[in-house]
A.B. asks: 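Got a structure here, written out as structure tokens. Questions coming.
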Amino acid sequence: MGSPHTPRPFRRVCLLTAGGDAPGLNAVIRAFVKRADALGIEVLGSEDGFSGLMESPRRVVPLDRASVRGILHRGGSILGCSNKANPFAELVTAADGTEASVDASARVRSNLDALGVDALVLVGGDGTMYMGQRFVEQGVPVIGVPKTIDNDLGVTDLTFGFDTAVSTATWAIDTLHSTAEAHDRVMVLEVMGRDAGWIALESGIAGGGDIILIPEIPYDIDRVVAHIEARAERGTTFSLVIVGEGAYPVGGAPSVLQAGREGHLPRLGGAGERVASLLRERMKHDVRVTVLGHLQRGGSPTAFDRVLGTRFGVHAAELCHRGVRGRLVVLAGTRVTDVSLAEAVSNPKRVDPNGELARTARAIDIELGG
Ligand code: F6P
């Protein structure tokens, strides 16, 4: 590892894609490797997020121009992703079957030393950036590239993957529209986004949704019912309800499929079904639920996400060339720049219930449930 205070170009770096995948990861990897190659930086890639640096034998591969050829339009990550591999809370099972979390960060550091790596390049979401900051505190130079379809990182105006997820969700709403109308049904579409309603709100507006329920605005089911009935009275006997997976009724809590544990978030699921059963209890309409799930994460990235991923990858390689450490690449307005990783951690971006986007939705008669 380089000394903490002398900025000198990194010569060999290890890149990994951690957390859930997001369309555009391959664009980042490709751009990073190409720019790094031109700047004389050797790139290694850890497979499946931190797993490649935590497992024995380690799984780390060289990345050169040949290995990134033809990947720009592909979803997923050529390196693989993992949202289970947390070097600060590795799950170990003892001989008696009991499970415990252990700190495996020293193993990661010794692998980086053995590989002669000057810096770690982390492409990930808020959880990964938190891990990155902990490595920075341990003296490891880290460069972060923000990734999440949820678009919930406060320090960047946008993350790649979000545009693709919103496009897929909009396609789903468009597709549900005709069958909802044909059968006079209430169609509930559950979309991802965890604690942030950006995917629900943007796709709901883009797809002409009638009701959009997001985690930032706990919903009153009676308002939802009243909106559907008012539409029916005006002669529109179908409705499209977009539900962010983290949405919950007033006084309730998000629907959780699997509880979280130290260093690992809970798995959400069931928010759409919950809205549907509350509606069925209160009205005669036929209600159907579609859970869009991982369709939002897969597939080819949109042009926007390919370009944003490429810009982020190039900027990250240039930070490595400058020997900069503890920085996160971000989009500020229309400009790609960087901020301190410490700033990125614990700075979530949520929909403002009274902000411009929510007001726009309400202004065109979309019911937000609260
Ligand atoms: O954070 C991205 C995300 O897709 C969330 O929107 C969703 O809650 C979660 O990941 C799903 O994770 P998994 O792939 O582990 O089911």
Side-chain angles (χ1 to χ4, degrees), residues 16-25 28 48-51 75-77 79-86 89 91 122-132 144-156 158-170 172 189-204 212-216 242-248 253-275 290-299 301-302 305 308-309 344-351:
L16 59 86
T17 52
D21 64 339
L25 281 172
V28 176
D48 299 330
F50 277 104
S51 308
S77 162
L79 286 171
C81 294
S82 171
N83 51 13
K84 292 206 176 74
N86 179 344
L91 190 64
L122 303 180
V123 189
D126 51 355
T128 307
M129 295 315 146
Y130 177 70
M131 296 172 208
V145 178
K147 162 249 56 158
T148 163
I149 64 163
D150 302 346
N151 195 34
D152 60 351
L153 283 172
V155 284
T156 182
L158 279 174
T159 46
F160 62 86
F162 175 64
D163 185 64
T164 307
V166 169
S167 302
T168 303
T170 304
L189 176 70
E190 180 184 308
V191 299
M192 283 185 167
R194 204 175 270 290
D195 311 315
W198 298 107
I199 296 175
L201 191 52
E202 292 218 358
S203 66
I212 304 173
L213 306 178
I214 58 175
E216 294 87 343
I242 322 308
V243 180
E245 62 181 347
Y248 56 91
S255 309
V256 172
L257 274 185
Q258 196 180 359
R261 58 182 173 82
E262 191 201 337
H264 300 267
L265 294 167
R267 236 180 105 204
L268 299 181
E273 201 49 67
R274 171 152 66 167
V275 170
T290 303
V291 180
L292 194 53
H294 291 79
L295 287 173
Q296 291 155 101
R297 288 235 305 258
T302 59
D305 283 338
L308 188 60
V345 171
S346 306
N347 192 349
K349 182 169 62 193
R350 300 283 181 261
V351 174

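In listed order, ligands and their atoms are each counted from 1.
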A.B. asks: Which pairs of nitrogen or oxygen atoms, taken one from ligand 1 and one from the protein, are under 3.5 angstrom apart?
C.D. replies:
unit_1: ligand 1; atom_1: 1 (O); unit_2: Asp150; atom_2: OD2; d: 2.8
unit_1: ligand 1; atom_1: 4 (O); unit_2: Arg297; atom_2: NH1; d: 2.9
unit_1: ligand 1; atom_1: 6 (O); unit_2: Asp150; atom_2: OD1; d: 2.7
unit_1: ligand 1; atom_1: 6 (O); unit_2: Asp150; atom_2: OD2; d: 3.4
unit_1: ligand 1; atom_1: 6 (O); unit_2: Gly193; atom_2: N; d: 3.2
unit_1: ligand 1; atom_1: 6 (O); unit_2: Glu245; atom_2: OE2; d: 3.2
unit_1: ligand 1; atom_1: 8 (O); unit_2: Glu245; atom_2: OE1; d: 3.4
unit_1: ligand 1; atom_1: 8 (O); unit_2: Glu245; atom_2: OE2; d: 2.6
unit_1: ligand 1; atom_1: 10 (O); unit_2: Arg297; atom_2: NH1; d: 3.1
unit_1: ligand 1; atom_1: 14 (O); unit_2: His294; atom_2: NE2; d: 2.9
unit_1: ligand 1; atom_1: 14 (O); unit_2: Arg297; atom_2: NH1; d: 3.0
unit_1: ligand 1; atom_1: 14 (O); unit_2: Arg297; atom_2: NH2; d: 3.0
unit_1: ligand 1; atom_1: 15 (O); unit_2: Asn83; atom_2: ND2; d: 3.0
unit_1: ligand 1; atom_1: 16 (O); unit_2: His294; atom_2: NE2; d: 3.1

A.B. asks: Flag the pair Ile199 / Asp150 as yes when at least one side-chain heavy-atom distance between them is below 4.5 Å, and no otherwise.
C.D. replies: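 Result yes, sub-4.5 Å side-chain heavy-atom pair found.
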A.B. asks: Do other residues, nucleotides or ligands put more than 12 heavy atoms under 6.0 Å from Arg267 CZ?
C.D. replies: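 It does not: Arg267 CZ has 12 such atoms or fewer within range.
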A.B. asks: Nearest 0.5 Å, what's the CZ-CG distance between Arg274 and Leu213?
C.D. replies: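 Interatomic distance, Arg274 CZ to Leu213 CG, rounded to 0.5 Å: 11.0 Å.
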A.B. asks: Can you tell me how far CG of Asn347 sits from CG of Leu153, rounded to the nearest 0.5 angstrom?
C.D. replies: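 Atom-to-atom, Leu153:CG and Asn347:CG are 8.5 Å apart.
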A.B. asks: What residues, two or more places apart in sequence or in another chain, satisfy side chain to side chain contact (heavy atoms under 4.5 Å, CB included) together with Val123?
C.D. replies: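 Result, side chain to side chain contact (heavy atoms under 4.5 Å, CB included) vs Val123: Leu15, Thr17, Leu25, Val28, Val145, Lys147, Phe160.
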A.B. asks: Quick one: does any side-chain atom of Thr164 pair with a main-chain N or O of Thr302 as donor and acceptor, under 3.5 Å?
C.D. replies: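 Here the side-chain-to-backbone pair exists.
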